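What follows is a single structure, written as structure tokens, with notes after it.
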Amino acid sequence: MDRPGQVLDVADPAAPPTPAPAPPAARSNGEPARAARARLAAAPADAALATRLIARSKAAVAAVFAEARSGNMSSCAGVLALVDEIGASVLRNQDALLQLVRLRTIDDYTYIHSIAVCAMMVALAKQLGLDEARVRDCGLAGLFHDLGKMDIPPEILHKPARLTPAEFDIVKRHPEFGHRVLAGIGDLPPLVLDVCLHHHEKIDGSGYPERLRGAEISLYARMAAVCDVYDAVTSYRPYKAAWTPLEALDSMAQWCLDGHLDAAVFAAFVQCLGLHRPVAVAGADAQPG
């Protein structure tokens with residue numbers, strides 16, 4: 001999800017504006033970044049390791065995306081080592097890695113977003129008690145979920161303003177394009193293709209591309225929707241301020257009530273973030289899956 005905004009798809013020009021948790025004038029775009037730097041300063045060794053990992057990962061993800069788009073990627077074996085390294089970083093100090101991705105630049109948004117969603121998918125999969133093979137597959141799915149964005153014209157993908165209805169229709173094609181590319185890679189787990197195609201589906205059936213609803217949406221796609229939205233709304237973009245983690249979670253709790261996100265998966269996500277303020281969500285006691 002590259003352009004957060006109206007409910008789950010802030011770029012949707014037809015959707016009514018969703019009030020931000022705090023008025024834009026009440027905080028600056030740099031506030032979340034300053035908070036990230038302060039938290040990183042408390043764990044310099046872990047921050048240094050995470051910094052090197054993100055630099056390597058960004059280059060690797062860019063290369064993988066280019067290779068996949070050109071049709072020259074026949075195996076995911078080379079990417080699994082990167083997923084394992086990101087997973088190890090999450091185990092070592094999840095906060096250091098996730099705080100660092102808050103400091104991304106505009107130009108590397110898509111690549112760093114993929115790394116962040118990979119890390120959050122690993123953390124969430126562990127929180128949900130999935131086995132190690134599934135945890136790894138979830139990380140791989142997070143890394144590849146937005147591969148289809150490579151087919152979006154740069155002038156639309158990086159537009160520093162609200163998209164027109166026609167432009168948003170083009171953006172909405174990215175799950176199907178990414179799925180077609182990934183289908184040509186023979187050794188990808190099925191859930192990676194599922195997440196790529198369905199991470200913009202919504203529980204009430206108003207998502208895209210297939211307008212799936214409820215149990216038609218897999219656990220893994222529901223997980224990816226939560227991770228994708230959280231990273232998108234807490235990231236600075238030219239057309240919007242970054243929300244703080246608590247602002248994002250408050251709004252995401254409402255989106256669960258509105259029928260867009262899975263409440264039980266979201267509750268597990270809040271727990272794995274380790275934030276101390278509770279976020280009440282109706283239906284959060286249900287079993288994910």
Side-chain angles (χ1 to χ4, degrees), residues 1-18 20 24 28-30 32-33 54-55 57-73 101-118 142-185 195-202 206-211 224-225 227-243 248:
M1 177 174 180
D2 198 15
R3 295 184 177 282
Q6 311 307 333
V7 189
L8 297 193
D9 295 306
V10 182
D12 185 351
T18 299
S28 69
N29 291 340
I54 287 177
S57 299
K58 177 189 167 184
V61 170
V64 165
F65 275 29
E67 187 178 7
R69 185 183 183 189
S70 67
N72 294 325
M73 187 176 180
V101 299
R102 300 277 76 78
L103 308 180
R104 77 194 77 189
T105 66
I106 294 171
D107 292 337
D108 63 13
Y109 177 86
T110 298
Y111 301 132
I112 302 298
H113 173 66
S114 297
I115 295 167
V117 173
C118 171
L143 203 65
F144 277 135
H145 80 286
D146 262 351
L147 177 66
K149 290 283 179 69
M150 297 299 97
D151 195 46
I152 306 300
E155 63 271 19
I156 294 178
L157 190 61
H158 302 298
K159 183 179 178 180
R162 190 178 180 85
L163 299 180
T164 66
E167 289 169 336
F168 187 59
D169 282 343
I170 292 172
V171 170
K172 287 168 68 174
R173 298 174 192 166
H174 78 271
E176 294 168 294
F177 174 76
H179 183 269
R180 285 196 301 272
V181 172
L182 293 177
I185 303 173
V195 165
C196 180
L197 185 60
H198 297 132
H199 67 280
H200 283 293
E201 300 290 354
K202 301 176 184 177
S206 64
Y208 63 89
E210 296 180 339
R211 299 184 69 84
C227 296
D228 180 43
V229 169
Y230 177 80
D231 187 66
V233 299
T234 56
S235 300
Y236 169 73
R237 308 297 283 142
Y239 47 83
K240 65 169 281 293
W243 293 0

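Keep in mind the model is a prediction, meaning the values are calculated, not measured.
A search for side-chain contact (heavy atoms from CB on, under 4.5 Å) contacts involving Asp169 returns Lys172, not counting sequence neighbours. In this structure Arg173 satisfies the side-chain contact (heavy atoms from CB on, under 4.5 Å) test together with Ile170, sequence neighbours excluded. Among residues two or more places apart in sequence or in another chain, the side chain to side chain donor-acceptor pair (under 3.5 Å) test is passed with Glu210 by His198. Residues passing the side-chain contact (heavy atoms from CB on, under 4.5 Å) test with Cys227 are Val117, Met120, Met121, Leu124, Phe269, sequence neighbours excluded.
Leu147 contributes atom CG, which lies 7.0 Å from atom CD1 of Ile185 (distance to the nearest 0.5 angstrom). Taking CD from Glu176 and SG from Cys196, the interatomic distance works out to 10.0 Å, rounded to the nearest 0.5 Å. Distance check: Leu197 CG to Arg180 CZ gives 10.0 Å after rounding to the nearest 0.5 Å.
Centroid-to-centroid, the aromatic rings of His113 and His145 come within less than 6.0 Å.
When all heavy atoms of Ser235 and Ala242 are compared, the closest pair comes out as C-CB, 3.5 Å. Heavy atoms only, all atoms of each residue included: Lys159 and Thr164 are closest at NZ-CG2, 4.0 Å. In terms of heavy-atom proximity, Leu143 sits nearest to Cys118 at N-CB, 3.9 Å. Across every non-hydrogen atom of Ile115 and Lys58, the tightest pair is CD1-N, 3.5 Å.
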Trace of the side-chain contact (heavy atoms from CB on, under 4.5 Å) decision for Ile152 with Phe177:
CA-CA 10 Å; Ile152 306 300; Phe177 174 76; over 6 Å; no
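A donor-acceptor pair under 3.5 Å is absent between the side-chain atoms of His179 and the main chain of Pro175, judged by distance alone.
His174 places a side-chain heavy atom less than 4.5 Å from the side chain of Tyr208. Within the 4.5 Å cutoff, the side chain of Pro209 has heavy atoms near those of the Glu201 side chain.
Relative orientation of the Phe65 and Tyr111 rings is perpendicular, given thresholds of 30° and 60° on the angle between their planes.
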